[in-house]
J.: 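Dropping a structure here in structure tokens format, bear with me for questions.
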Amino acid sequence: PAGAEPCGVGRFSRSLRHTAGARVKNRSAPGDSNRRRPSWSPGQSRRLYVGQDNHELIVGASYNGAKTDKMDDYSYNGWEASARILLKLPAGVELAPYMSYSQDWYEGPATALETAKRHDERWRAGVQLTWRFTESWAVEAMFQYTDNNSRSRLYDYDQSIATLGMSWSF
């Protein structure tokens, strides 16, 4: 997918910031021009800095959607709400648990064998552990669990993802 993400940040006080943004991208399915679609996701979030170490609490919500030109079955509208806490611990370590909930309503069924319109309800929870061992370099470990409940058995799944990597900020 390719697209743009314009956003604006407002500072209400020293410890509270508001972000409003929108993501627009064009998705394409290899070999299936019927599923090519632009998607969008305008949203807002609030970031609260707490304590002497500037721990962060972020809560947000967004509207999500996509529209296909040729086949409405892949078009959808939905919403997502999320929360994340960033705890800044000693020795450059950060712990960030997060959670989100979303729903998507599709214009048609997921497959030709189904008659009900697809509806997905998704819970996502995870935690990220970061160790910044220099100003620019960090080691990151993340675990995320997703529970996607769908009217279509094809899209009803549980997923666990674990990652470990290094990052460089410049």
Side-chain angles (χ1 to χ4, degrees), residues 1-10 12 16-48 56-86 94-130 140-167:
E5 291 192 31
C7 75
V9 178
F12 293 127
L16 182 61
R17 293 197 178 130
H18 178 83
T19 303
R23 181 175 52 230
V24 179
K25 55 186 170 179
N26 191 20
R27 285 194 143 154
S28 60
D32 188 356
S33 64
N34 291 329
R35 295 177 66 183
R36 240 178 237 136
R37 66 186 186 260
S39 64
W40 53 88
S41 179
Q44 298 189 31
S45 66
R46 296 275 171 109
R47 181 181 301 228
L48 178 65
E56 299 175 19
L57 170 62
I58 303 168
V59 293
S62 64
Y63 166 78
N64 307 307
K67 183 73 175 162
T68 55
D69 292 333
K70 297 181 180 179
M71 217 171 147
D72 266 349
D73 292 358
Y74 297 109
S75 300
Y76 68 91
N77 289 294
W79 64 273
E80 180 176 20
S82 61
R84 177 176 177 241
I85 299 170
L86 176 65
E94 298 175 349
L95 180 66
Y98 59 91
M99 179 175 262
S100 70
Y101 175 78
S102 64
Q103 290 191 17
D104 293 320
W105 290 269
Y106 287 78
E107 301 287 326
T111 70
L113 301 176
E114 297 173 321
T115 56
K117 290 183 179 181
R118 181 176 159 198
H119 173 245
D120 289 2
E121 182 179 50
R122 182 178 312 110
W123 284 96
R124 185 173 288 141
V127 64
Q128 182 171 346
L129 183 65
T130 303
E140 299 174 337
M142 187 269 301
F143 176 78
Q144 176 178 286
Y145 173 75
T146 301
D147 179 15
N148 195 76
N149 297 302
S150 179
R151 280 190 188 148
S152 171
R153 294 180 71 145
L154 184 64
Y155 292 96
D156 195 65
Y157 63 89
D158 292 344
Q159 179 185 56
S160 296
I161 299 173
T163 62
L164 178 64
M166 290 187 69
S167 66

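Residue numbers run from 1 in the order of the sequence given. If you're wondering where the values come from, they're calculated on a predicted model, not measured in any experiment.
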J.: What are the two closest non-hydrogen atoms of Tyr155 and Tyr157, and how far apart are they?
T.: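 Minimum heavy-atom contact is O-CD2, 3.2 Å.
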J.: Suppose the criterion is salt bridge (charged side-chain N to carboxylate O under 4.0 Å, His left out): which pairs have a residue in residues 109-124, not counting sequence neighbours?
T.: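 For residues 109-124: Asp104-Arg122, Arg118-Asp120.
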J.: To the nearest 0.5 Å, how far apart are CD in Gln144 and OH in Tyr98?
T.: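 Gln144 CD to Tyr98 OH: 3.5 Å, rounded to 0.5 Å.
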J.: First locate atom CZ of Phe12, then atom CZ of Arg17, and finally report the distance between them rounded to the nearest 0.5 Å.
T.: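 It is 12.0 Å, given to the nearest 0.5 Å.
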J.: Which pairs with one or both residues in residues 146-163 pass salt bridge (charged side-chain N to carboxylate O under 4.0 Å, His left out), sequence neighbours excluded?
T.: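 Residue pairs with at least one partner in residues 146-163: there are none.
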J.: So that I know where these two stand, are Tyr63 and Trp79 an aromatic pair - ring centroids less than 6.0 Å apart?
T.: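 No - the distance between ring centres of Tyr63 and Trp79 does not fall below the 6.0 Å cut-off.
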J.: Are Tyr76 and Asn64 close enough that some pair of their side-chain heavy atoms sits under 4.5 Å apart?
T.: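 The answer is yes, as the side chains (C-beta and beyond) meet within the 4.5 Å cut-off.
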J.: Would you mind reporting whether Asn148 and Gln159 have side-chain heavy atoms less than 4.5 Å apart?
T.: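 A side-chain contact under 4.5 Å is absent here.
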J.: Please report the C-alpha distance between Thr19 and Arg47 in whole Å, then the side-chain angles of each, then the deciding distance to 0.1 Å, and finally whether the side-chain contact (heavy atoms from CB on, under 4.5 Å) criterion is met.
T.: CA-CA 8 Å; Thr19 303; Arg47 181 181 301 228; 5.8 Å; no
J.: Once rounded to the nearest 0.5 Å, what's the spacing between atom CD of Gln128 and atom CD of Glu94?
T.: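 Between atom CD of Gln128 and atom CD of Glu94 there are 8.5 Å.
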J.: First locate atom OH of Tyr101, then atom OG of Ser82, and finally report the distance between them rounded to the nearest 0.5 Å.
T.: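 OG of Ser82 is found 14.0 Å from OH of Tyr101.
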J.: Do you know the tightest heavy-atom contact between Ser160 and Tyr145?
T.: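 Residues Ser160 and Tyr145, closest heavy atoms: OG-CD1, 3.6 Å.
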J.: Quick one: do Asn77 and Glu107 satisfy side-chain contact (heavy atoms from CB on, under 4.5 Å)? Show the steps, please.
T.: CA-CA 8 Å; Asn77 289 294; Glu107 301 287 326; 3.9 Å; yes
J.: If you measure from CZ on Arg23 to OG on Ser39, what distance do you get to the nearest 0.5 Å?
T.: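 The OG atom of Ser39 is 7.5 Å from CZ of Arg23, to the nearest 0.5 Å.
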